Amino acid sequence: MTTSEIKIAPSILAADFANFGAEIEAVEAQGADWIHVDVMDGHFVPNITFGPETCKAIRPHIKTVMDVHLMIAPVDAYIEAFAQAGADIITAHVEAGPHIHRTLQAIRGAGAKAGVALNPGTELDCVDYLLDMVDLVCIMTVNPGFGGQKFIHSQVEKVRKLRAMIGDRPIHIEIDGGVTPETAPLVVEAGADVLVAGSAVFKGGSVSNPAPYGDNIRAIRQAAGPR
Ligand code: DX5
Ligand code: ZN
C-alpha cells in the first residue's frame with residue numbers, strides 16, 4: 001500500500017463560514033481527498049453549525065467526496081434531507097439514540113454510504129452487530145462539538161482493536177479530532193485510513209493565500225506514512 005491510500009478529509013468547521021464554496025474549492029485544489037462536513041445541533045453536542053440547506057448549497061463546490069458527520073439527536077427524521085442535499089457518506093453517532101441499526105438502514109436506504117461514529121467514552125462492542133451494514137466507522141479522538149481540541153491518546157488502542165474486528169470487510173476507519181502531523185502516524189499505524197483535520201489543515205491559510213492548506217495537507221500525509 002502507498003501513502004496515497006490515506007485520505008485527508010479537511011473539516012470545514014475550521015474554514016471561513018462566510019465563504020464555504022471558495023474554501024472548499026481552495027482546499028480541494030491543495031490536495032484534500034474528501035470534504036468533512038460537521039453538522040451540530042446544540043443538543044447532542046454543545047455547539048450549533050448548520051443543516052441540510054447549507055449542505056445543499058455547498059454541494060456543487062465539492063468535486064471529491066461529501067462526508068457528512070451528523071452530531072444531532074434525534075437523527076432519523078433528517079437523513080433523507082441530508083441525502084437529498086447530496087451527501088456521499090452520512091455518519092451518525094451510536095450515542096444519538098436507541099436505534100442505530102434502523103438509522104444505518106435508513107442511510108443506505110436513502111442512497112448514501114453509511115458511517116457510524118463512536119465518542120471517546122463509548123465501548124467498541126457496540127459496533128459488533130453493525131459491521132456488515134456500514135462503509136465507515138468514525139473513531140472520535142476528541143469529544144465532539146468543537147474544533148481545535150487535544151487528541152485523546154487512549155483511542156489509538158480502540159483503532160487497533162477495531163481494525164482487527166473489521167477483518168477483510170471493505171470498511172474505512174476514520175479518525176476525527178486533534179489530527180496533526182504528530183498524531184496522524186499513531187492512528188495510521190493502528191489501522192486508520194481516513195484522517196479528518198480541521199485546524200491542522202486550515203491554519204495559516206485563506207482563500208486568497210491557499211498554499212498553506214497544501215503545505216499542511218502534505219505535512220499530515222507525509223507524517224502519516226504508508227498504511
Ligand atoms: C468535532 C468535529 C471535528 C472537528 C475536528 O466535533 O467532528 O470534525 O472539526 O477539528 P480539529 O481537527 O481542529 O480537531
Ligand atoms: Zn467531524
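Both counts, for ligands and for their atoms, begin at 1 and track the order of listing. Just so it is clear, the structure is predicted and the values come from calculations on it, not from any experiment.
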J.: What's within reach of the Zn ion (ligand 2), meaning protein N/O/S atoms under 2.8 Å?
T.: H36 NE2, D38 OD1, H69 ND1, D176 OD2
J.: Start with the C-alpha distance between T141 and Q155, add both sets of side-chain angles, then the distance that settles side chain to side chain donor-acceptor pair (under 3.5 Å), and finish with yes or no.
T.: CA-CA 6 Å; T141 39; Q155 303 305 298; over 6 Å; no
J.: Using a side-chain heavy atom cutoff under 4.5 Å and only I, L, V, M, F, W and Y, what cluster partners does I89 have?
T.: W34, V65, L136, V194
J.: Would D132 and R169 pass as an ion pair if we require N to O under 4.0 Å?
T.: yes
J.: Taking the basic N atoms (NZ, or NE/NH1/NH2) and the acidic carboxylate oxygens, is any pair closer than 4.0 Å for R59 and D88?
T.: yes
J.: When you look at D41 and Y78, which way does the side-chain contact (heavy atoms from CB on, under 4.5 Å) test go after all the steps?
T.: CA-CA 12 Å; D41 66 351; Y78 301 98; over 6 Å; no
J.: Provide the closest heavy-atom pair for A110 versus I79 in the form atom of the first, atom of the second, distance.
T.: CB-CG2, 4.2 Å
J.: Can you run down the side-chain hydrogen bond (donor to acceptor under 3.5 Å, both in side chains) pairs that involve residues 198-207, sequence neighbours left out, and say none if there aren't any?
T.: S206-S208
J.: Which parts of the protein, at residue level, reach under 4.0 Å of ligand 1 through a heavy atom?
T.: S11, L13, H36, D38, M40, H69, M71, M140, P144, G145, F146, G147, G148, D176, G177, G178, V196, A197, G198, S199
J.: Find the distance between CZ (R160) and CD (E189) and round it off to the nearest 0.5 Å.
T.: 4.5 Å
J.: Determine, for D67 against K7, whether the closest basic-nitrogen to carboxylate-oxygen distance falls under 4.0 angstrom.
T.: no
